[in-house]
Amino acid sequence: MSKPIIAPSVLSANFSNLQADFEMLNNSEADYIHIDVMDGVFVPNISFGFPLIKAMRKLTSKTFDVHLMIVEPDKYIDAFKEAGAEILSVHIEACTHLHRTIQKIHSVGMKAGVAINPHTSVFLLEDIIADIEEVCVMSVNPGFGGQAFIENTYDKIARLKEMILKNNSKALIEIDGGVTLQNAKKLLDHGADIFVAGNTVFSSADPVQTIHQLKNIV
Ligand code: DX5
Ligand code: ZN
C-alpha cells in the first residue's frame with residue numbers, strides 16, 4: 001500500500017504569523033497545502049479569498065489543493081488559477097452543470113476535484129468519476145475546522161474506491177474533516193489516498209512530527 005498524500009489545512013494555521021507556519025510546512029513531509037474557501041452562503045462561515053491565497057503562494061512551492069465551499073464557483077475559476085491553485089475542487093451540491101465546470105477547470109490548466117457533503121451519495125459521481133482527478137469526501141459538515149469525524153465515511157470510501165476501479169478512473173480519494181492519528185490507518189485501509197488535516201497538525205505540539213506520523217501511518 002502506498003503512503004498517503006498529506007494535505008495540512010491552513011484553515012487551522014496562525015493567520016497572524018503565516019510565515020512561521022509555512023516554514024514549518026516547507027520543512028515537513030506535507031505534500032499539498034489544503035486551502036478552504038468559504039463564502040458564507042454555501043456554508044455558514046467565511047474564510048478568506050484571493051489576496052491571502054496569493055500571499056501564501058509566495059511562501060511555498062508545495063501543491064495548492066483548493067477546496068471551494070462557495071456557490072457559483074464557475075465565476076472564479078480563472079481567478080483561482082491566477083492566485084496559484086493547482087487542484088481545484090467544487091462541491092457537487094453547488095454545481096448545476098458539474099460537467100461544464102470540470103471542463104472549465106481543466107481548460108485553464110488545473111486538476112479538477114469534486115467535493116461531496118456527508119449526506120451525498122458517492123453514486124452521484126458515477127458519470128463524472130472518469131473525468132476528475134480528486135474526490136473530496138467530507139467527513140464532517142463543511143464550514144469549520146476541528147469537528148468530530150463522521151463514522152459513515154468508511155463505507156463511503158469503500159464504495160467510492162470500487163467505483164473508481166470499475167471506471168478506470170485516476171481520481172484520488174481525499175478525506176476532509178476530523179482526520180486524526182487514531183483513524184488515519186482505518187481510512188487508508190478503506191481506500192483513502194489523501195488526508196486533509198487541520199486541527200490534528202496545527203494543534204500538535206510538534207506539527208512536523210505529526211505530519212511524519214500521518215505520512216507513515218501503518
Ligand atoms: C471543513 C474544511 C476542512 C477543515 C478540516 O469545512 O473543509 O478542510 O479545515 O479541519 P480538521 O482537520 O480540523 O477537521
Ligand atoms: Zn477542506
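The model shown is predicted, which means the values in this text are computed figures rather than measured ones. Just so you know, ligand 1 is whichever comes first in the structure, and atom 1 is the first atom listed for that ligand. For reference, positions follow the sequence shown, starting with 1. Because only heavy atoms are used, hydrogens play no part in the values below, and waters and symmetry mates are left out as well, while side chains stay in.
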### Query
What do you reckon, does Asn199 have a nitrogen or oxygen under 3.5 Å from a nitrogen or oxygen of ligand 1?
yes
### Query
Any sub-3.5 Å donor-acceptor pair from Ser47's side-chain atoms to Asp36's backbone N or O?
yes
### Task
For Met138, take its heavy atoms, then give the atoms of ligand 1 lying under 4.0 Å from any of them.
7 (O)
### Query
For ligand 1, which atoms sit closer than 4.0 Å to a heavy atom of Gly177?
14 (O)
### Query
Going by the order shown, which atoms of ligand 1 are within less than 4.0 Å of some heavy atom of His34?
8 (O)
### Query
Under 4.0 Å from any heavy atom of Val196, which atoms of ligand 1 are there?
8 (O)
### Query
Below 4.0 Å from any atom of ligand 1, is there a heavy atom belonging to Thr200?
no
### Query
So which heavy atom in the protein is nearest atom 10 (O) of ligand 1, and how far is it from that ligand atom?
Gly145 CA, 3.6 Å
### Query
Any idea which protein heavy atom is nearest atom 11 (P) of ligand 1, and the distance to it?
Gly146 N, 3.6 Å
### Query
So which protein heavy atom does atom 1 (C) of ligand 1 come closest to, and at what separation?
Phe144 O, 3.5 Å
#### Entry: Salt bridge Lys62-Glu86, side-chain N to carboxylate O under 4.0 Å
no
### Query
Are Ser204 and Asp206 close enough that a side-chain donor and a side-chain acceptor fall under 3.5 Å?
no
### Message
Tell me whether Phe144 shares a hydrophobic cluster with Leu52, the cluster being built from Ile, Leu, Val, Met, Phe, Trp, Tyr side chains joined at under 4.5 Å.
### Response
no
#### Entry: Single-linkage hydrophobic cluster Leu160~Val114, side-chain heavy atoms < 4.5 angstrom
yes
### Query
When you measure from atom 9 (O) of ligand 1 to every protein heavy atom, which one gives the shortest distance, and what is it?
Ser9 OG, 2.8 Å
### Message
Test your reading of the model: is there a side-chain donor-acceptor pair from Asp39 to the backbone of Val41, 3.5 Å cut-off?
### Response
yes
### Task
Decide if atom CG of Asn26 counts as having more than 12 heavy atoms of other residues, nucleotides or ligands within a radius under 6.0 Å.
yes
### Query
Where the Zn ion (ligand 2) is the centre, what is the ND1-to-OD1 angle for His67 and Asp36, rounded to 10°?
90°
#### Entry: Distance-only side-chain donor-acceptor flag, His106 / Glu133, under 3.5 Å
yes
### Query
In ligand 1, which numbered atoms sit nearer than 4.0 Å to a non-hydrogen atom of Met69?
6 (O), 7 (O)
### Closest protein heavy atom (residue, atom, distance) for atom 6 (O) of ligand 1
Gly143 N, 2.7 Å
### Summary
Closest to atom 14 (O) of ligand 1 among protein heavy atoms sits Gly178 N, 2.9 Å
#### Entry: Cluster check Val208, Leu18: I/L/V/M/F/W/Y, side chain < 4.5 angstrom
yes
### Message
Show me which atoms of ligand 1 lie under 4.0 Å from any heavy atom of His67.
### Response
7 (O)
### Message
Between Phe48 and Phe64, is there shared hydrophobic-cluster membership here, with clusters defined by ILVMFWY side-chain heavy atoms closer than 4.5 Å?
### Response
yes
### Task
In plain terms, say whether Asp78 and Lys104 are close enough for a salt bridge, that is, a side-chain N and a carboxylate O under 4.0 Å apart.
yes
### Task
For atom 12 (O) of ligand 1, grab the closest protein heavy atom and report residue, atom and distance to one decimal in Å.
Gly198 N, 2.8 Å
### Task
Using distance alone, decide if ligand 1 has a nitrogen or oxygen within less than 3.5 Å of any nitrogen or oxygen in Asn141.
no
#### Entry: Atom indices of ligand 1, in the order listed, that fall short of 4.0 Å to a heavy atom of Ala197
12 (O)
### Query
Considering only N, O or S atoms, which atom of His34 is nearest to the Zn ion (ligand 2)?
NE2
#### Entry: Atom of Asp176 closest to the Zn ion (ligand 2), considering N, O or S atoms
OD2
### Query
Considering only the protein, which heavy-atom contact is closest to atom 3 (C) of ligand 1, and what is its distance?
Asp176 OD1, 2.9 Å
### Query
In terms of atom number and element, which parts of ligand 1 are under 4.0 angstrom from non-hydrogen atoms of Met38?
6 (O)
### Task
For Glu29, look at atom CD and say whether over 12 heavy atoms of other residues, nucleotides or ligands are found less than 6.0 Å away.
yes
### Task
Following the transitive rule for hydrophobic clusters with a side-chain heavy-atom cut-off under 4.5 Å over Ile, Leu, Val, Met, Phe, Trp and Tyr, establish whether Leu59 and Val201 coincide in one cluster.
yes
